[in-house]
Protein chains: 2
Amino acid sequence: MDKKSQQPKNPADKKIRRRRKEARPGEIIEAGLQEFAERGFASARIEDVAARAGIAKGTVYRYFENKEALFEAAVRSRVIPIFDQLTIMIDTYPGTAEELLRILFKTIYQKLITPDVRILMRLIIAEGARFPQITEFYYQEAISKGQKILRKIVERGIENGEFRQGPVSAEPMVLVAPGIMAAIWKMTFDAHYPLDLNRFLEAHIDLVFNGLKQS
Amino acid sequence: MDKKSQQPKNPADKKIRRRRKEARPGEIIEAGLQEFAERGFASARIEDVAARAGIAKGTVYRYFENKEALFEAAVRSRVIPIFDQLTIMIDTYPGTAEELLRILFKTIYQKLITPDVRILMRLIIAEGARFPQITEFYYQEAISKGQKILRKIVERGIENGEFRQGPVSAEPMVLVAPGIMAAIWKMTFDAHYPLDLNRFLEAHIDLVFNGLKQS
DNA sequence: TGTATTAATGACCCAGAAGTCATTAATAGT
DNA sequence: ACTATTAATGACTTCTGGGTCATTAATACA
């Protein structure tokens, strides 16, 4: 496909091999992630990964035991530090719980619904059943942290009288569900029936803070 | 695996072949759906499908051109008539829009989050990119109908003063998002971190009708 | 500049699975 | 009962793609 036309040094730049021990793993992981996302684990071909990384097939195996090892490394490499940043912010944020929740929602729509993260979600949903360690890892590194953040914000809101105690505060994941749904939509039907993320975020916030009912 | 021990007629019931032209397609589809759900399209083996259906591999090909054709047939066979039933009910239902929405939510949690439907969702998410016709079909037959129902209920609620007009009513999918999220959770993290569907449904309803805020 | 080290290569091997088809045998019709 | 029809079979062919390893050549170091 794209023929490594990055630095066309000489006209016949066919096979000037380069030794780049340090840079390879990252490049292979990046290429692998793309291929796995496009084709799924089973259909992704190591030869294509290699081509994408600009190396020969055998080179992949100098850095990763086998296809599974590459898959695991690829998924792990992408679990994002978003939540860690947020955790710190929450404890120091001076404003109201409502403001914090709004920030969290916006962050979800900006950071979590990017193509990069959607790739991960798709892989977890599609291949998770066959890679339980990865599912577990992803839960520990991302989901559980997100849950903690949510709980903290909701508790804070209850303590200072902003939020109600009740079924919602007992199951705070309902609050972010629209964000998850938006991500799913983007990776399935969006090509045919595009979703306006801004409008959806607005609806999401409106639902959470104002409810559906006439007041 | 399970060695067809259904009707152990005689001790050596090895290969008494039966001719059942009419029953085969359905049985093969059912078997295919199971295999595709467990392994994904690429990893599912036709021989396993055949074994599961209690026939030889070649027989599968007497009824389906190839693996893809079987996959399409399998997914199509399962698009559920839930929404059609609901559509009729809505126009004749005498109660309030709130009652209708509650019924819709309960139906989602009872019908849509069953293993059978989750299988479909997983396949659409996992394989949809490579089978655009299937995604399109699924959208037309299920999603768009669900959207219509939602819109109808919300409009009715607005007309009779139950619901507010605003961002939520403009993007009513936010209202069912927790249901979708629950389905996703069930197919990914539920084994490790089980979700209590009843409690979640309660939270969902509480969010939609009461919002999060202290009133 | 010569040599040792080792990163990189890609032809090759081979397991596994899709799809074929000549053969077998269940059933319908007479 | 006999026979024609065709559903069902599974050994076989073919191809794809994971993984190997002897060979090549880039780089470090003397």
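Note on naming: letters A, B, ... go to the chains in the order of the sequence lines (proteins, then strands), and numbering restarts at 1 for each one. All values below come from the heavy atoms of this structure, side chains included, with hydrogens, waters and symmetry mates left out.
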ask   = F131(A) vs F41(A) aromatic rings, parallel, tilted or perpendicular, using cut-offs 30° and 60°?
value = perpendicular
5' priority, DNA chain D, between S43(A) and V60(B) [closest heavy atom] = V60(B)
inquiry  = Can you see if the side chain of Y61(A) gets near the phosphate of dT9(C) - specifically, an N or O under 4.0 Å from OP1 or OP2?
reply    = no
Euclidean distance, atom CG of residue L70(B) to atom C1' of dA17(C) [Å, nearest integer] = 15 Å
inquiry  = How many whole angstroms separate atom CD of E35(A) from atom P of dG18(D)?
reply    = 11 Å
request  = Return the value, rounded to whole Å, for the distance between atom CG of N66(A) and atom P of dA15(C).
outcome  = 17 Å
query = Any side-chain N or O of R24(B) under 4.0 Å from OP1/OP2 of dA7(D)?
reply = no
request  = Tell me, yes or no, whether the heavy-atom count around Q140(A) atom CD, taken from other residues, nucleotides or ligands under 6.0 Å, exceeds 12.
outcome  = yes
inquiry  = In this structure, how many angstroms lie between the P atom of dG16(C) and the CG atom of D48(B), rounded?
reply    = 13 Å
ask   = Mind checking whether F200(B) and Y109(B) have parallel, tilted or perpendicular rings, split at 30° and 60°?
value = tilted
request  = Answer with base, sugar-phosphate or nothing: what part of the nucleic acid does R62(A) contact at a heavy-atom distance below 4.0 Å?
outcome  = base
task = Measure the distance from CD1 on I46(A) to P on dT9(C) and round it to the nearest whole Å.
result = 15 Å
request  = Quickly work out the K57(A) NZ to dG17(D) P distance and round it to whole Å.
outcome  = 10 Å
ask   = Mapping R45(A) and E65(A) onto DNA chain D by nearest heavy atom, which one lands closer to the 5' end?
value = R45(A)
query = In whole Å, what is the span from the CZ atom of F64(A) to the P atom of dT20(D)?
reply = 15 Å
key: Name of the residue among L150(A), V176(A), I205(A) meeting side-chain contact (heavy atoms from CB on, under 4.5 Å) with L101(A)   = L150(A)
inquiry  = Using whole Å, what does the distance between atom C1' of nucleotide dT9(D) and atom CD of E47(B) come to?
reply    = 12 Å
request  = Scan for salt bridge (charged side-chain N to carboxylate O under 4.0 Å, His left out) pairs involving residues 109-124 of chain B, sequence neighbours excluded, and state none if there are none.
outcome  = R78(B)-D116(B)
inquiry  = Please verify the inter-ring angle class for Y139(B) with Y193(A); under 30° counts as parallel, over 60° as perpendicular, anything in between as tilted.
reply    = parallel
query = Hey, does A44(A) reach any base, or is it just sugar-phosphate, or nothing, if we go heavy atoms under 4.0 Å?
reply = sugar-phosphate
inquiry  = With a cut-off of less than 4.0 Å, is there a side-chain N or O of K67(B) near OP1 or OP2 of dA18(C)?
reply    = yes
key: Heavy-atom closest contact (F36(A) atom, A44(A) atom, distance)   = CD2-CB, 3.5 Å
Heteroatom pairs (N/O) under 3.5 angstrom, protein to nucleotides 25-30 of chain C:
residue : atom : partner : partner atom : Å
dA26(C) : N3   : R19(B)  : NH1          : 2.1

ask   = At under 4.0 Å between heavy atoms, what does K21(B) touch on the DNA or RNA strands: base, sugar-phosphate, or nothing?
value = sugar-phosphate
